[in-house]
Amino acid sequence: PILYSYFRSSCSWRVRIALALKGISYDLVPVNLIKDGGQQFSAEFKTINPMQQVPAMKIDGITISQSLAIIHYLEDTHPNPRLLPQDPKKRAQVRMVAEHITSGIQPLQNLSILNQMGEKKMEWAQNCIKSGFQALEQILQHTAGRYCVGDEVSMADLCLVPQVFNAERFKVDMGPYPTITRLNKALLELEAFKVSHPSRQPDTPAELRA
């Protein structure tokens, strides 16, 4: 498999965690979202993903874009370890948390939106994350065990950690979100989350390396 990724892209990070958890080896092709006006806008990359976003993955003769679509494919083709619980209620909760982040928070503070916000970039990102985290904190108080839903790592956790990384980057005060903070800390102790971290990627700038 070939993963088109950017070290700091939270969507790319989700997929890197899934690949690490499932022990799938892959080739990484960096796509720098800032350099050269954004390499995702190149004619070459547009043929790989017409949405001009990372991640994209070439695998088993097809190209898949959108992080959750890629993760669902990996789940279908490499079912161990499971990232979706077998219990339908827990499965729904995992999808709910994942969607909450991937649809309700992350796109609102994405690079393409922030570039349109001018001087209000930081304030906008903080407000989007705070309002999303207020709701997410309440949800997780009901669903969480050791991780987002119960005691097994799931697709929800793959979405949570990169979003907390974004929050910290945008200097969001994490004090009001003790559950999110606790879960994030537990997850970052797992090897799959460490090796996929933005500070440890081939395209991580030297000054940001772990």
Should I105 and W13 be regarded as members of a common hydrophobic cluster, given that ILVMFWY residues are connected when their side-chain heavy atoms come within less than 4.5 Å of each other, either directly or indirectly? yes
When you compare the side chains of T102 and Q106, does any donor N or O come within less than 3.5 Å of an acceptor on the partner? no
Residue pair P30 / Y6, side-chain heavy-atom distance below 4.5 Å: no
So do the side chains of V161 and L188 get within less than 4.5 Å of each other, counting heavy atoms only? yes
Is the number of heavy atoms from other residues, nucleotides or ligands under 6.0 Å of E191 CD greater than 12? yes
L187, I129: one ILVMFWY side-chain cluster at the under-4.5 Å cut-off? yes
Enter the distance from I2:CD1 to I59:CD1 here, rounded to the nearest 0.5 Å. 10.5 Å
Measuring only between side-chain heavy atoms, which start at C-beta, is S5 closer than 4.5 Å to V31? no
Could you verify whether a donor N or O on one side chain and an acceptor N or O on the other, from Q163 and Q109, lie under 3.5 Å apart? yes
Could you report the tightest heavy-atom contact between Y4 and S12, atom names first, then the distance? O-OG, 4.3 Å
Please tell me whether I101 and L111 are part of a single hydrophobic cluster in this structure, the criterion being side-chain heavy atoms less than 4.5 Å apart. no
For a quick test of reading the model, state the closest non-hydrogen atom pair linking V195 to Q201 and the distance between them. O-NE2, 3.1 Å
Under the criterion side-chain contact (heavy atoms from CB on, under 4.5 Å), I'd like the reasoning laid out for K130 against Y177: C-alpha separation, chi angles, the key distance, then a yes or no. CA-CA 9 Å; K130 281 182 198 166; Y177 319 113; 3.6 Å; yes
Atom CD of residue position E44 - does it have more than 12 heavy atoms of other residues, nucleotides or ligands inside 6.0 Å? no
When you measure from the side chain of N32 to the backbone N and O of K35, does any donor-acceptor pair fall under 3.5 Å? yes
Any luck finding a side-chain donor-acceptor pair between R209 and T204 under 3.5 Å? no
Among V153, D157, T179, side-chain contact (heavy atoms from CB on, under 4.5 Å) partner for C148: D157
Hey, any chance L190 and M155 share a hydrophobic cluster, counting ILVMFWY side chains that come within less than 4.5 Å of each other, even indirectly? yes
Search all heavy atoms of K90 against all heavy atoms of V149 and return the closest pair with its distance. O-CG1, 3.9 Å
So, are K22 and E75 salt-bridged, with charged N and O less than 4.0 Å apart? yes
Determine whether Y73 and I71 fall in the same hydrophobic cluster, where Ile, Leu, Val, Met, Phe, Trp and Tyr are linked whenever their side-chain heavy atoms lie under 4.5 Å apart. yes
Evaluate the criterion side-chain hydrogen bond (donor to acceptor under 3.5 Å, both in side chains) for residue pair E137 and Q141; output intermediate values, then yes/no. CA-CA 6 Å; E137 177 69 20; Q141 283 169 5; 3.2 Å; yes
Mind checking whether Y26 and R16 have side chains closer than 4.5 Å, heavy atoms only? yes
Are the side chains of Q53 and N49 in touch, meaning some heavy atoms are under 4.5 Å apart? yes
So NZ of K185 and OG1 of T181: to nearest 0.5 Å the spacing works out to 10.5 Å
Drop me the distance from S154's OG to L83's CG, to the nearest 0.5 angstrom. 7.5 Å
For P162 and C159 the tightest heavy-atom approach is CD-O, 3.5 Å
Can you tell me which residue among S9, S67, S196 is in a side-chain hydrogen bond (donor to acceptor under 3.5 Å, both in side chains) with R14? S67
Audit row: I48, K58, side-chain contact (heavy atoms from CB on, under 4.5 Å) steps and yes/no: CA-CA 9 Å; I48 295 160; K58 287 185 175 176; 4.3 Å; yes
Is any side-chain heavy atom of L140 closer than 4.5 Å to one of L160? yes
Gap between atom OG of S10 and atom CG of N110 - 0.5 Å precision: 7.0 Å
Exam field: side chain Q52 to backbone K46, donor-acceptor pair closer than 3.5 Å: no
One pair to check against side-chain contact (heavy atoms from CB on, under 4.5 Å): M96 and H100. What are the steps and the verdict? CA-CA 6 Å; M96 169 179 68; H100 186 93; 5.5 Å; no
Does any part of the side chain of P85, heavy atoms only, come nearer than 4.5 Å to the side chain of V94, both counted from C-beta? yes
Heavy-atom closest pair, residues E168 and N184: OE2-ND2, 4.4 Å
So, for E152 and R82, which heavy atoms are closest and what is the spacing to 0.1 Å? OE1-NH2, 3.9 Å
Taken to the nearest 0.5 Å, the spacing of I17 CD1 from L158 CG works out to 4.5 Å
Dump the intermediate steps for side-chain contact (heavy atoms from CB on, under 4.5 Å) on L108 and I113, then the final yes or no. CA-CA 7 Å; L108 300 174; I113 300 290; 5.9 Å; no
Looking at side-chain heavy atoms only, is the closest gap between F7 and R200 below 4.5 Å? no
What distance separates F165 CZ from R8 CZ, expressed to the nearest 0.5 Å? 7.0 Å
